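Down below is the structure, laid out as structure tokens.
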Amino acid sequence: MLIYFGIGTNLGDREANLNAALHLLNERVGEQLACSSVHRSAPMGFESENEFANIVAVYDTPYSPEEVLLITQQIEREMGRTEKSENGVYHDRIIDIDLLQAILNSKAIIQNSSTLTLPHPRMQERDFVMIPLREVEAILN
């Protein structure tokens, strides 16, 4: 199964945060197939002086999307993220790892549960996701 991740950070050493997240995903999720360059963006949905650094990475994994979600939440906690955004209330964060989409046998997995919605419901609205997503799709094709 292919999992596409949107990874972002706007606190501390952003490049180091992204590299640490990728390292942990490499250890725990599977094989990285592609990773975009860093896309910088202003915070969306809240005010902050801290610019975001965002990437999209694609992994081949033996795990289900729900299992991958639990892994990413653990990585976020280990990296120092103490609270998740809820009900559209966003804030600065050391790391944010979103599952954007999952592909199995060349078909997109559609899921809508209380814990996970795939594809990510707002990714089309976000240039900081769509620009790096197009980059990784070009790498994969």
Side-chain angles (χ1 to χ4, degrees), residues 1-46 48-141:
M1 173 176 316
L2 301 183
I3 300 279
Y4 288 67
F5 295 100
I7 308 169
T9 174
N10 77 328
L11 292 176
D13 183 338
R14 291 174 208 106
E15 301 283 336
N17 294 342
L18 293 173
N19 287 330
L22 289 171
H23 175 76
L24 292 168
L25 289 169
N26 288 339
E27 285 183 348
R28 299 177 190 180
V29 170
E31 179 187 2
Q32 183 186 111
L33 301 179
C35 185
S36 72
S37 58
V38 176
H39 179 78
R40 303 243 176 222
S41 66
M44 183 179 202
F46 72 104
S48 176
E49 298 175 4
N50 302 315
E51 179 182 65
F52 272 87
N54 302 284
I55 57 174
V56 169
V58 182
Y59 282 79
D60 187 6
T61 183
Y63 302 112
S64 71
E66 294 83 5
E67 291 169 319
V68 171
L69 178 63
L70 293 174
I71 293 168
T72 61
Q73 290 171 337
Q74 180 63 34
I75 290 171
E76 289 176 337
R77 284 190 297 276
E78 288 175 20
M79 290 186 63
R81 185 161 183 190
T82 56
E83 54 180 312
K84 293 289 283 180
S85 303
E86 291 185 25
N87 301 320
V89 178
Y90 299 107
H91 49 80
D92 291 321
R93 58 203 132 222
I94 194 156
I95 199 71
D96 185 32
I97 306 172
D98 288 335
L99 278 70
L100 300 176
Q101 60 187 8
I103 309 289
L104 181 61
N105 299 324
S106 301
K107 293 189 175 199
I109 292 175
I110 306 219
Q111 180 170 337
N112 192 359
S113 70
S114 61
T115 56
L116 182 61
T117 301
L118 290 173
H120 191 288
R122 292 175 301 284
M123 71 180 195
Q124 298 286 337
E125 304 164 9
R126 299 173 173 174
D127 284 346
F128 62 84
V129 170
M130 296 309 295
I131 292 169
L133 179 62
R134 285 192 286 276
E135 188 179 330
V136 296
E137 287 176 341
I139 292 168
L140 293 173
N141 294 322

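The residues of the chain are indexed from 1 along the displayed sequence. Not measured: the values here are computed from a predicted model.
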Candidate pair V29 and I3, rule side chain to side chain contact (heavy atoms under 4.5 Å, CB included), full reasoning: CA-CA 9 Å; V29 170; I3 300 279; 5.6 Å; no

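- With a 4.5 Å cut-off on side-chain heavy atoms, V38 and E15 count as touching.
- Here the side chains of F5 and L99 are in contact, with some heavy-atom distance below 4.5 Å.
- No side-chain heavy atom of L140 sits under 4.5 Å from any side-chain heavy atom of E137.
- Remark: side-chain polar atoms of N17 are not paired, donor with acceptor, to backbone N or O of I95 under 3.5 angstrom.
- We find the OG1-CE distance between T72 and M79 to be 12.0 Å, quoted to the nearest 0.5 Å.
- Scanning both residues, Y63 and M1, for their nearest heavy atoms gives O-SD, 3.9 Å.
- Residues L22 and I55 form a side-chain contact, since some pair of their non-hydrogen atoms from C-beta on lies under 4.5 Å apart.
- Counting non-hydrogen atoms of neighbouring residues, nucleotides and ligands closer than 6.0 angstrom, the CD atom of E49 reaches no more than 12 such neighbours.
- Contact annotation: the side chain of H120 approaches that of R126 to within less than 4.5 Å [non-hydrogen atoms, C-beta and beyond].
- Closest non-hydrogen pair, V136 versus S36, comes out as CG1-N, 3.4 Å.
- Looking only at side-chain heavy atoms (C-beta outward), M130 and Q124 come within less than 4.5 Å of each other.
- The shortest distance between side-chain heavy atoms of R93 and E76 does not fall below 4.5 Å.
- Across every non-hydrogen atom of P132 and H39, the tightest pair is CG-CB, 4.1 Å.
- Side-chain N or O atoms of Q32 include none that pairs as donor or acceptor with a backbone N or O of A57 at under 3.5 Å.
- One finds the CG atom of N54 at 11.0 Å from the CE atom of M44 (value rounded to the nearest 0.5 Å).
- Taking the side chain as every heavy atom from C-beta outward, K107 and L104 never approach each other to under 4.5 Å.
- Nearest approach of R28 to E78, heavy atoms of both residues: NH2-OE1, 2.8 Å.
- Residues E66 and T115 have side chains that never bring a donor and an acceptor to within less than 3.5 angstrom of each other.
- For Q101 against P119, the heavy-atom pair with the smallest separation is CB-CB, 4.3 Å.
- Taken from CG in L25 to CD1 in I71, the straight-line distance is 8.5 Å, to the nearest 0.5 Å.
- With rounding to the nearest 0.5 Å, the separation of CD1 in I94 from CG in L11 is 6.5 Å.
- The SG atom of C35 lies 7.5 Å from the CD1 atom of I139; values are rounded to the nearest 0.5 Å.
- The CG atom of D92 sits 12.0 Å away from the CG atom of D96 when rounded to the nearest 0.5 Å.
- Taking both residues in full, the closest heavy atoms of L69 and L116 are given as CD2-CB, 4.1 Å, listed atom of the first, atom of the second, then distance.
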